[in-house]
Amino acid sequence: MWMWQNYLKYRKDLRKHAKAERKLEKTYPPNLSNDFDSGEFNDYIRREDEVYQWKMIIQTEYFRNKADILNVPMPDLSGTEMYCTVDWDNDPKQPKYLTDKGLRSIRAAVRDEEKHRREAVGYWFGIIVGLIGAVTGLVSVFKS
């Protein structure tokens, strides 16, 4: 149940992000030489970086929730290779988000845990199906 809620929230947040990204693309400065001098291009680059960091925060939150559900440890927050800090001037908390290396690390850990859980279910499923088959065979032998 929690996995679906986490996934649906993740997809909803990604749709919001994609909408913001499309809106930002429409404001791309048409005349780079004049816009560069006026500072409009620098403003566009700053907003583009904020949108990128927003996407990384969405992904980090999704994998953090998924790791909590599966009881998988997240990478260490003090690791500079695993996390980057948001450098927004208007956010005093300056949240951290996973870098590409951090995302690969947590994805691998989550996949391993999910694979382990599927294998455990498959093991017990095979035993139960085998027992049902044996009981069915015994019942058919005693009936005839």
Side-chain angles (χ1 to χ4, degrees), residues 1-140:
M1 175 85 167
W2 290 101
M3 293 284 262
W4 283 104
Q5 288 175 342
N6 185 37
Y7 179 73
L8 293 175
K9 182 181 181 312
Y10 174 64
R11 297 304 302 173
K12 180 182 165 190
D13 289 344
L14 282 181
R15 277 194 301 276
K16 285 181 187 177
H17 174 267
K19 184 178 177 181
E21 205 170 38
R22 285 191 302 273
K23 184 178 175 184
L24 178 65
E25 286 175 3
K26 290 178 183 177
T27 64
Y28 187 78
N31 188 351
L32 289 182
S33 61
N34 291 340
D35 293 333
F36 188 78
D37 293 337
S38 69
E40 190 176 331
F41 186 71
N42 289 337
D43 183 53
Y44 176 81
I45 295 297
R46 182 189 53 78
R47 287 183 290 147
E48 187 178 49
D49 287 344
E50 286 177 358
V51 168
Y52 171 76
Q53 290 173 344
W54 179 29
K55 181 178 183 179
M56 298 306 286
I57 288 172
I58 291 169
Q59 290 180 340
T60 300
E61 181 182 339
Y62 170 70
F63 280 108
R64 182 176 292 124
N65 290 337
K66 195 167 189 174
D68 285 344
I69 291 167
L70 295 172
N71 201 22
V72 173
M74 287 289 289
D76 186 23
L77 273 172
S78 63
T80 57
E81 292 182 347
M82 297 295 184
Y83 286 93
C84 279
T85 303
V86 173
D87 55 355
W88 296 336
D89 294 334
N90 57 356
D91 192 352
K93 291 185 278 183
Q94 292 189 339
K96 291 189 173 198
Y97 60 89
L98 288 166
T99 61
D100 291 335
K101 184 176 182 179
L103 281 173
R104 281 192 302 271
S105 165
I106 193 63
R107 277 187 190 131
V110 165
R111 283 186 189 131
D112 286 345
E113 180 62 25
E114 288 175 337
K115 179 181 175 187
H116 175 70
R117 289 182 181 203
R118 278 191 308 271
E119 287 173 349
V121 168
Y123 173 77
W124 287 108
F125 182 75
I127 289 176
I128 290 171
V129 167
L131 288 174
I132 291 172
V135 169
T136 304
L138 285 174
V139 168
S140 68

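This chain uses plain numbering: 1 for the first residue, then up along the sequence.
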Evaluate whether atom CD of Glu81 has more than 12 neighbouring non-hydrogen atoms of other residues, nucleotides or ligands under 6.0 angstrom away.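 No - once you tally the heavy atoms of other residues, nucleotides and ligands closer than 6.0 Å, there are 12 at most.
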Begin with the C-alpha distance, continue with both residues' side-chain angles, and end with the deciding distance and a verdict on side-chain contact (heavy atoms from CB on, under 4.5 Å) for Asp68 and Arg64. CA-CA 6 Å; Asp68 285 344; Arg64 182 176 292 124; 4.2 Å; yes
Got [X] and [Y] here, is their nearest side-chain heavy-atom distance under 4.5 Å?
X     : Y      : answer
Met56 : Leu103 : yes
Arg22 : Lys19  : yes
Arg47 : Val51  : no
Trp54 : Lys16  : yes
Tyr62 : Leu14  : no
Glu21 : Glu48  : no
Gln59 : Leu98  : no
Met74 : Ile106 : yes

Pair Asp43 + Arg46, salt bridge at N-O below 4.0 Å: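 Judged by the 4.0 Å cut-off on N to carboxylate O distance, Asp43 and Arg46 do form a salt bridge.
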Any carboxylate oxygen within less than 4.0 angstrom of a Lys/Arg side-chain nitrogen, looking at Lys9 and Asp13?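 Yes, Lys9 and Asp13 are salt-bridged.
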Walk me through it: do Glu61 and Lys66 pass the test side-chain contact (heavy atoms from CB on, under 4.5 Å)? CA-CA 9 Å; Glu61 181 182 339; Lys66 195 167 189 174; over 6 Å; no
Between CD of Glu119 and CD of Glu114, what distance do you get to the nearest 0.5 Å?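 Spacing of CD (Glu119) from CD (Glu114) equals 12.5 Å.
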Which distance, rounded to the nearest 0.5 Å, do you find between the OG1 of Thr85 and the CD of Gln53?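 Spacing of OG1 (Thr85) from CD (Gln53) equals 9.5 Å.
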May I ask you to decide if [Y]'s main-chain N or O and [X]'s side chain share a donor-acceptor pair within less than 3.5 Å?
X      : Y      : value
Thr99  : Cys84  : no
Ser105 : Lys101 : no
Arg117 : Leu70  : yes

Specify whether Tyr97 and Tyr52 have parallel, tilted or perpendicular ring planes, treating 30° as the upper limit for parallel and 60° as the lower limit for perpendicular.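 Rings of Tyr97 and Tyr52: perpendicular, as their planes differ by over 60°.
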Indicate the ring-plane relationship of Trp4 and Tyr7, choosing parallel, tilted or perpendicular according to the 30° and 60° boundaries.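 Trp4 and Tyr7: perpendicular rings.
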Pick one: which of Ile57, Thr60, Leu77 meets side chain to side chain contact (heavy atoms under 4.5 Å, CB included) with Lys96?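 One option only clears the test, and that one is Leu77.
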